[in-house]
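Report on one structure; see the data block that follows.
Remember, it's a predicted structure, so these values are computed and weren't measured experimentally.
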Amino acid sequence: MLFIDFSNYRTVGIAWNYFVRLFIHWLKSLIYIHKWVLLYKVQSNFSPAMHLYQLQRLIPPKGIDTWADPFIVSTSRGTFVLFEEKPAGRGVKGHISCLELDQQGEPVVGSKRIVLSECFHLSYPFVFFYREQYWMIPEAAASRGVHLYRSKQFPDDWILEKTILEDVQIYDATLIEWKETWYLFGSQKNSIHTSPHTSLCIYYTDDPLAGEWKAHPMNPIYQDVRVSRPAGSFFTYNGKLIRPAQ
């Protein structure tokens, strides 16, 4: 129950702002449809000066309220975007879908399809190429595991190769090979009382397919809700290795 001391003018001001925000939020819910969309731009070099209005927008169709976590992969067969797709409705789980882009960066009509679905929620389809094959580690924290999938014919036909980590809730696992060692970065939820965005953990192995993934002895290596959760593949900029974060 909310108790407000209206004899205090500062309290009245805070309460007024709070209820105004609630009213505006309610009003927007009547006018706007809440959707997560994809923003992207096809270019050869990254520019930190880029603004959101300069990006192309992909909006989910009717009945879909989320397109998120895009990963773009260019192959000899074309350029594809793999992403989380979640239909509208409460309690609906997400799956991994794919769109093909033409040479101008526009989506190919009719190319959107589901490429991976499970009995648990999937998102963040981290894709990497290793030993002449494409592999994917989607976010599957709801299953309490980290799963490795192999594509028989990219970008489709994904099959479960193995579960590389069990009994852990890791969000947005992101891999990088550095000096002959593979590292898996991810934010980890350690209990029902903790946030999945706060603790950054690392696991490592000498072989991402057959090796044993070991926890870094200093886990969690970082605890800060502002920068712990991964937001895409590592990249280099001005000679520095950059780890995007949400």
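Judged purely by distance below 3.5 Å, without hydrogens or angles, the side chains of Tyr183 and Thr174 never pair a donor atom with an acceptor atom. No side-chain N or O of Ser228 forms a donor-acceptor pair with one of Thr198 less than 3.5 Å apart. For the residue pair Gln246/Asp172, the side-chain donor-acceptor check at 3.5 Å is satisfied.
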- Item | Trace of the side-chain contact (heavy atoms from CB on, under 4.5 Å) decision for Thr181 with Asp206 | CA-CA 5 Å; Thr181 298; Asp206 59 353; 5.8 Å; no

- Message: Please evaluate residues Ser111 and Glu100 with respect to the criterion side-chain hydrogen bond (donor to acceptor under 3.5 Å, both in side chains), reporting the C-alpha separation (whole Å), side-chain torsions for both, the decisive distance (0.1 Å), and the verdict.
- Response: CA-CA 6 Å; Ser111 66; Glu100 185 176 355; 5.3 Å; no

- Message: Checking Ile242 against Thr236 for the side-chain contact (heavy atoms from CB on, under 4.5 Å) test, could you report, in this order, the C-alpha distance in whole Å, the side-chain angles of both residues, the deciding distance, and whether it holds?
- Response: CA-CA 6 Å; Ile242 307 296; Thr236 55; over 6 Å; no

- Message: Quick one, Lys93 with Glu118, criterion salt bridge (Lys or Arg N to Asp or Glu O under 4.0 Å). Give me CA distance, side-chain angles, the key distance, then yes/no.
- Response: CA-CA 9 Å; Lys93 61 183 177 66; Glu118 291 282 13; over 6 Å; no

- Derivation of the side-chain contact (heavy atoms from CB on, under 4.5 Å) call for Ser123 and Asp69: CA-CA 7 Å; Ser123 63; Asp69 300 340; 3.6 Å; yes

- Message: With side-chain contact (heavy atoms from CB on, under 4.5 Å) as the criterion, how do Leu116 and Leu122 come out once you've worked through the C-alpha distance, each side chain's angles and the decisive distance to 0.1 Å?
- Response: CA-CA 8 Å; Leu116 180 61; Leu122 295 174; 3.8 Å; yes

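Proximity of the aromatic rings of Tyr130 and Trp135 is defined here by a centroid distance below 6.0 angstrom, and this criterion is not met. The distance between the ring centers of Phe71 and Tyr124 falls below 6.0 angstrom. Ring pair Trp178/Tyr204: centre-to-centre distance not below 6.0 Å.
Tested against Gln56 for a side chain to side chain donor-acceptor pair (under 3.5 Å), the candidates Gln104, Glu106, Lys41 yield a single pass: Glu106. When each of Lys35, Lys86, Arg90 is tested with Asp65 by the rule salt bridge (charged side-chain N to carboxylate O under 4.0 Å, His left out), just one qualifies, namely Lys86.
The distance from the NE2 atom of His95 to the OG atom of Ser117 is 6.5 Å, given to the nearest 0.5 Å. How far CG of Leu148 is from CD1 of Ile164: 6.0 Å, rounded to the nearest 0.5 Å. Between Arg113 atom CZ and Cys98 atom SG the span is 4.5 Å, to the nearest 0.5 Å. The line from CD1 of Ile114 to OG of Ser97 is 5.0 Å long, rounded to the nearest 0.5 Å. Expressed to the nearest 0.5 Å, how far CZ of Arg150 lies from OH of Tyr134 amounts to 15.0 Å. Distance check: Tyr203 OH to Gln188 CD gives 3.5 Å after rounding to the nearest 0.5 Å.
Looking only at side-chain heavy atoms (C-beta outward), Leu22 and Val20 stay at 4.5 Å or farther from each other. The shortest distance between side-chain heavy atoms of Tyr222 and Ser199 does not fall below 4.5 Å. Looking at heavy atoms from C-beta onward, Arg21 lies out of side-chain contact with Ile24 at the 4.5 angstrom threshold. The closest side-chain heavy-atom distance from Val81 to Leu101 is below 4.5 Å. Considering only heavy atoms from C-beta on, Phe126 stays 4.5 Å or farther from Met136 through its side chain. At a threshold of 4.5 Å between non-hydrogen side-chain atoms, the residues Leu38 and Pro70 count as touching. The shortest side-chain heavy-atom distance between Pro155 and Val73 does not fall under the 4.5 Å cut-off. By the 4.5 Å heavy-atom criterion applied to side chains, Trp158 and Ile96 are not counted as neighbours.
Connection of Tyr40 to Phe83 is established within a shared hydrophobic cluster, with ILVMFWY side chains joined at heavy-atom distances below 4.5 Å, either directly or through further cluster members. No single ILVMFWY cluster, assembled from side-chain heavy atoms under 4.5 Å apart, contains both Val115 and Ile159. Leu160 and Val146 fall into different hydrophobic clusters, where Ile, Leu, Val, Met, Phe, Trp and Tyr side chains are chained together by heavy-atom contacts under 4.5 Å. Phe128 and Phe234 sit in two unconnected hydrophobic clusters of ILVMFWY residues. Membership requires side-chain heavy atoms under 4.5 Å apart, directly or through other members. There is no path of hydrophobic side-chain contacts, each under 4.5 Å, that joins Ile64 to Trp36.
The aromatic rings of Phe154 and Phe80 lie perpendicular to each other, with more than 60° between the two planes, well past the 30° mark. Aromatic ring pairs are classed by plane angle as parallel below 30°, tilted from 30° to 60° and perpendicular above 60°; the pair Tyr149 and His147 is perpendicular.
The shortest heavy-atom contact between Leu99 and Lys112 is CD2-CB, 3.4 Å. Nearest heavy atom pair, residue Arg243 against residue Val227, reads NH2-O, 2.7 Å. Between Pro230 and Ser187 the shortest heavy-atom distance is CD-N, 3.8 Å. The shortest non-hydrogen separation linking Thr66 to Ala68 is CG2-CB, 3.9 Å. Of all the heavy atoms in Ala245 and Ala231, the pair that sits closest is C-CB, 3.4 Å. Annotation for Pro244 and Phe235: closest pair CG-CE2, 3.7 Å, computed over non-hydrogen atoms.
His121 places a side-chain N or O within 3.5 Å of a backbone atom of Gly94 that can act as its donor or acceptor partner. Checked by atom type and distance alone, the side chain of His216 pairs as donor or acceptor with a backbone atom of Met218 at under 3.5 Å. No side-chain donor-acceptor contact under 3.5 Å links Ser74 to the backbone of Thr79. Side-chain atoms of Lys214 do not come within 3.5 Å of backbone N or O of Thr205 as any donor-acceptor pair. Ser151 places a side-chain N or O within donor-acceptor distance of the main-chain N or O of Asp156, the cut-off being under 3.5 Å. No side-chain donor-acceptor contact under 3.5 Å links Thr163 to the backbone of Leu165.
Counting only residues at least two apart or on different chains, the salt bridge (charged side-chain N to carboxylate O under 4.0 Å, His left out) pairs with a member in residues 122-148 are Arg131-Asp207, Arg144-Asp167.
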